[in-house]
Amino acid sequence: MSDPTVADTRRLNSKPQDLTDAYGPPSNFLEIDVYDPQTVGVGRNRFTTYEVRMRTNLPIFKLKDSIVRRRYSDFEWLKNELERDSKIVVPPLPGKALKRQLPFRGDEGIFEEAFIEERRVGLEQFINRIAGHPLAQNERCLHMFLQDESLDRNYIPGKVQPSSDPEARCA
Amino acid sequence: SHLHVLTISRITSFFSFGQSAEIDVVLTDAETRKKAEHKTEDGKKDKYFLFYDGETVAGKVNVTLKNPGKRLEHQGIKIEFVGQIELYYDRGNHHEFVSLVKDLARPGELTQSQTFDFEFTHVEKPYESYTGQNVKLRYFLRATVSRRLNDISKEMDIVVHTLSTYPELNSSIKMEVGIEDCLHIEFEYNKSKYHLKDVIVGKIYFLLVRIKIKHMEIDIIKRETTGTGPSVYHENDTIAKYEIMDGAPVRGESIPIRLFLAGYEMTPTMRDINKKFSVRYYLNLVLIDEEERRYFKQQEITLWRKGDVVRKSMSSQATIGAQRFEGSVSSESALEKAAREDSA
């Protein structure tokens, strides 16, 4: 075994996995749905809101199940906050569709069903990509966006401290 | 009278008063000496005679007169053995770390083609031949017939390998790394020093997994560093990417690593060679999650070259054991000595 001319290729000892780990629920469950678009208001003051529902078992989020209503400009706000404060490369939002907001269009503009659906899909992809990023999870603005009923645009930006969850300590 | 066509070769012979010569260098042991493949600067692979530190370089220089019957006047004939480092961004300056010369003939004239013997005894060749992205280290013989206006010379490149033996101290690399509350892993590689045909054996143990991992790979990265002080330049090259896991791991899972190095083109680790350049190797453990985010941990490993010949005789083992790990024997190489003992 100690012959120096032959490489040591023995299997290394490793801790065996116990059954609760093998068959337990995943500890990285994070799902965010963006759905149920509702157009509120009348005439030129109309806008569309979407329901944003987050289900997770990540300890960094205070609520394991939360539902809020957000509009497109709220998503823009979140993107700007993260671009300024966090070190992540923020993925793109679906388009602003300014052309659709011009008058004298033949269709419903930004209230077209097909457009709203396309935007909904883009917003869902956007928020899922961000929320899964460890560096974005540290930002106050993300937690406020996902779990506070309304956005306080005068909030104090800052970091969220990871909770002292017993699960976080290493085996 | 002859009509002299003024091509380049004719101009030369016109200036040298009608006589020129060809030189070639032939090694004494050209039939028996092994050749090794080595990359040239433009990426092609060629074979050259292989030498080790301490070996004698001996042979003959043949000077063949182009026009027999005419005399060749010269200012001296010599042969040099040169080891030099050439930085591509500073081509004019060659840094010679070995420079030996043997005079073969004093200034005079040759009336006929002639052969000269030479021997560079037990030549020190402290570094391995290396052709890289920004630097080249080479050894060559250069035979020169000096003349008033233009010399005739011929270079013959050789390749040098530096050998080492199993290091006494070769601890494993074992570390726990991660991102607070998201991902904790413990990785282990069985050694920190590997020879070029070795196997990296190890494992990755997942202590905590809160991100969705798609796959994990090990990359071997070669970093060539040239220059000193403020103008240090690093050139990174990914030699290999080897996937070790496909799919999402959970806490408590252990992923084995078995990576065979012989399949990859690598050199031994070269540290601060003549204070001009370094070539170092790193293992980069990369985890990629479902959003294509990459989490990585880089770890340097030392690569060394094992001699092909494994001798069981007592004296050669003792000589091999006496070699320091990092360097090679400065005098006669253990292999050459063992080879002689075997044939005796």
A:Pro26 portion near chain B, given a 4.5 angstrom heavy-atom threshold
neither

More than 12 non-hydrogen atoms from neighbouring residues, nucleotides or ligands closer than 6.0 Å to CZ on A:Arg140, yes or no?
no

Around atom OH of A:Tyr35, are there more than 12 heavy atoms of other residues, nucleotides or ligands at under 6.0 Å?
yes

Out of A:Asp18, A:Leu30, A:Asn128, A:Ile88, return the one with the most heavy atom pairs under 4.5 angstrom to chain B.
A:Leu30

Rounded to the nearest 0.5 Å, what's the gap from SG on B:Cys182 to CG on A:Asn138? Could you check?
7.5 Å

Looking only at non-hydrogen atoms, find the nearest pair between A:Asn28 and B:Lys212 and report the distance.
O-CE, 3.2 Å

Chain A interface, residue from B:Gly178, B:Gly202, B:Ala248, B:Gly252 that has the most non-hydrogen pairs under 4.5 Å:
B:Gly252

Tell me whether the count of non-hydrogen atoms from other residues, nucleotides or ligands lying under 6.0 Å of CZ in A:Arg153 goes above 12.
yes

Within the supplied structure, the quantity of interest is the number of heavy atoms (other residues, nucleotides, ligands) at a distance under 6.0 Å from B:Glu265 CD; does it exceed 12?
no

Check whether A:Gln17 reaches the backbone of B:Arg251 with its side chain - one donor and one acceptor, N or O, closer than 3.5 Å.
yes

Which bit of B:Ile211 comes within less than 4.5 Å of chain A, counting heavy atoms only: side chain, backbone, both or neither?
both

Within a radius of less than 6.0 Å around NZ of A:Lys62, do more than 12 heavy atoms belonging to other residues, nucleotides or ligands occur?
no

Among B:Glu188, B:Lys203, B:Lys197, B:Glu290, which residue has the highest count of heavy-atom pairs closer than 4.5 Å to chain A?
B:Lys203

Heaviest contributor of heavy-atom pairs below 4.5 Å to chain A, chosen from B:Asp289, B:Asn190, B:Val209, is B:Val209

Over 12 non-hydrogen atoms of neighbours within 6.0 angstrom of CZ in B:Phe296
no

Can you list the steps and then say if A:His133 with B:Arg293 is a side-chain contact (heavy atoms from CB on, under 4.5 Å)?
CA-CA 8 Å; A:His133 201 303; B:Arg293 289 183 283 260; 2.8 Å; yes

Segment of B:Tyr295 engaging chain A (4.5 angstrom heavy-atom cut-off)
side chain

If I measure from the heavy atoms of chain A, does B:Glu292 come under 4.5 Å with its side chain, its backbone, both, or neither?
neither

Using a cut-off of 6.0 Å, state whether more than 12 heavy atoms not belonging to B:Glu300 lie near its atom CD.
yes

Would you say the side chain of B:Arg210 lies within less than 4.5 Å of the side chain of A:Pro134, judging by non-hydrogen atoms?
no

